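Computed from heavy atoms alone, side chains included, the values below leave out hydrogens, waters and symmetry copies. Since the model is a prediction, treat every value here as computed from it, not as a measurement. In this chain, residues are counted from 1 in sequence order.
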Amino acid sequence: MSSYARTRHVSRTTALAAAAAIAAPMGLLAAAGNASAAPPTCRTDQLKASWSDKGTAKSDTPTGEQETAVVELKNSGSETCTLKGQPGVSLTEGKTSETLRGSSDKSESKSVSLDPGKSTMFSLVFLSEKAEPKQGFTPEKAVVTPPGNKDTVDLTWKWGPVTKQEGATHPGNWVGPVGTTVDVSSGKEADKSGPGKEVDCGSGWHGLSVRAITSDGKGACPTAHKVTDAYGKALDAKKKPPITVTVNGTDWKCGEKQGKVNPYQECVNTKEQDEKVQLLS
C-alpha cells in the first residue's frame, strides 16, 4: 500500500472514531433527557373519582351554612401522571345546573404527582340550603372535569339542597385546586388572626366593614383605612388580585379569601404577617 493510501485510510479511521466519540455522549444526553421528562397530565379515563369522608357535609342533611364536600381523584392507570390547578365542577338537576367558580387564590395551586394507585383531593364548597327551598335546588350529580382535560366524570350528589349562587357577586359555591382541602367547619375562616386581636374600624370602600387584625388596638384603624382605600382603588381600576399596595412605606398583599358564608377581602402586612386588614360585607 502506498504512503498516500495509508494516510487516507488512517484519516478516515480517525474521522469515524471522532464521530463515534461525539455520537456516544449525544446518545447518552438524549437518553438522559427522555428519562427526566416530566410525567404527563393525568387523563380523565385514568382517574377514579369518589367522595371522601374528610368534608363537613353530611348526606342529605341541610344545615343552612357553608359546607365542604371533598373529592378524591385516584390514579387507576399504570403510569405516573400529574395534576395542577382547579377542576371544573357543575352541579346538575335535570335542565338546571350551576357551574362553580374556582377559588380566587391561585397561589394555592401546585403540581401534584400521582404514582399508580395514589390519590389527591380537592374541595367543593357550597351553601347548604335549609330555610328557603325556592332559593335552592337539589343536584342529581356533580360533573367533574379534571385539570388539563375536556372529558368529565360524574359523581352522584348526596349532600342535599344547595343555595343557588349563579347571580351572586361573591358566590358562596366554589371549588379549590387539587392537592388542597378547605376546612369551614369552625366558621372562623374570616376570623383567623394569629396573636393579633380583631378591631372594628367602621365602614370603608363601597360601604364594606373594615376590620384590623392587630396588636395595636384602635391605633391601627387609620392605616387600615388607607390600606383598604388603596386596594379598593386598584379593584375599581379592574386590577385582578393578588394586588400589592404600599401604605406608609409598607407593602400589603391583598386578595380575596373564603369565609363561612361569603368571601371577604384581606390585606396582609408583608413585613409582619400577623397584621392584617379585612373588608367584610
*Just checking, any donor-acceptor pair under 3.5 angstrom between side chains of Q135 and T163?*
no
*Using the side chain to side chain contact (heavy atoms under 4.5 Å, CB included) rule, take K74 and S50 through it: C-alpha gap first, then chi angles, then the decisive distance, then the call.*
CA-CA 8 Å; K74 181 178 180 179; S50 60; over 6 Å; no
*Would you confirm whether N75, through its side chain, and E79, through its main-chain N or O, come within 3.5 Å as a donor-acceptor pair?*
yes
_Minimum heavy-atom distance between W252 and C267, given as atom pair plus value_ = CE3-O, 3.7 Å
_Would you say V199 ends up clustered with V247 if hydrophobic residues are merged whenever their side chains have heavy atoms under 4.5 Å apart, either directly or through other cluster members?_
no
*Step by step, work out the side-chain hydrogen bond (donor to acceptor under 3.5 Å, both in side chains) result for T99 and S90.*
CA-CA 4 Å; T99 299; S90 292; 2.9 Å; yes
*If you link I, L, V, M, F, W and Y whenever their side-chain heavy atoms are under 4.5 Å apart, who else ends up in the same group as V70?*
M121
_Gap separating the CG atom of N269 from the OG1 atom of T250, nearest 0.5 angstrom_ = 5.5 Å
*If you round to the nearest 0.5 Å, how far is NZ of K110 from OG1 of T82?*
14.0 Å
*Roughly how far, to the nearest 0.5 Å, is the CG atom of L100 from the CD atom of Q86?*
11.0 Å
*Specify the closest pair of heavy atoms between T92 and S97, including all atoms of both residues, with the distance to one decimal.*
CG2-CB, 3.7 Å
_Residue pair G160 / D60: nearest heavy atoms and the distance that separates them_ = N-OD1, 3.7 Å
*Pair E72, S52: side-chain N/O donor-acceptor within cut-off below 3.5 Å*: no
*Quick one: does S128's side chain have a donor or acceptor within less than 3.5 Å of a partner on Q66's backbone?*
no
*Are L208 and Y264 close enough, and set up right, to give a side chain to side chain contact (heavy atoms under 4.5 Å, CB included), and what steps lead you there?*
CA-CA 10 Å; L208 296 176; Y264 63 99; over 6 Å; no
*Are the side chain of T180 and the backbone of V178 linked by a donor-acceptor contact shorter than 3.5 Å?*
no
*Is the backbone of T68 close enough, under 3.5 Å, to the side chain of S123 for a donor and an acceptor to pair up by distance?*
no
_Please find the pair of heavy atoms, one from W159 and one from A69, that lie closest to each other, and give the distance._
NE1-CB, 3.4 Å
*Any donor and acceptor pair, going by atom type alone, linking the side chain of H206 with main-chain N or O of G232 inside 3.5 Å?*
no
*Please check if the side chain of E266 supplies one atom and the backbone of K276 the other of a donor-acceptor pair under 3.5 Å.*
no
*Once you round to the nearest 0.5 Å, how far does CG of N173 lie from CG of L124?*
8.0 Å
*Judged by atom type as modelled, is there a donor-acceptor pair below 3.5 Å linking the side chain of T270 to the main-chain atoms of D251?*
yes
*Quick one: are L47 and S76 in side-chain contact, heavy atoms under 4.5 Å?*
no
_Could you report the tightest heavy-atom contact between G85 and P147, atom names first, then the distance?_
O-CG, 3.6 Å
*If two hydrophobic side chains count as joined below 4.5 Å and joins carry through other members, does V112 share a cluster with V153?*
yes
*Of all heavy-atom pairs between A224 and C201, which one has the smallest distance, and what is that distance?*
CB-SG, 4.3 Å
*asked:* Count I, L, V, M, F, W, Y as connected when their side-chain heavy atoms are under 4.5 Å apart, and connections chain through other members. Are V227 and W205 then in the same cluster?
replied: yes
*asked:* To the closest 0.5 Å, what do you measure between OH (Y231) and CG (L279)?
replied: 8.0 Å
*Working to the nearest 0.5 Å, report the span between SG of C221 and CG of D200.*
7.5 Å
_Would the distance check show the side chain of N149 and the main-chain N or O of T44 forming a donor-acceptor pair, the cut-off being under 3.5 Å?_
yes
*Going through the checks in order, is the side chain to side chain contact (heavy atoms under 4.5 Å, CB included) test met by D45 and D151?*
CA-CA 8 Å; D45 62 6; D151 295 332; over 6 Å; no
_Check whether W51 reaches the backbone of T156 with its side chain - one donor and one acceptor, N or O, closer than 3.5 Å._
yes
*Worked verdict on D274 versus I213 for side chain to side chain contact (heavy atoms under 4.5 Å, CB included)*: CA-CA 7 Å; D274 290 334; I213 308 299; over 6 Å; no
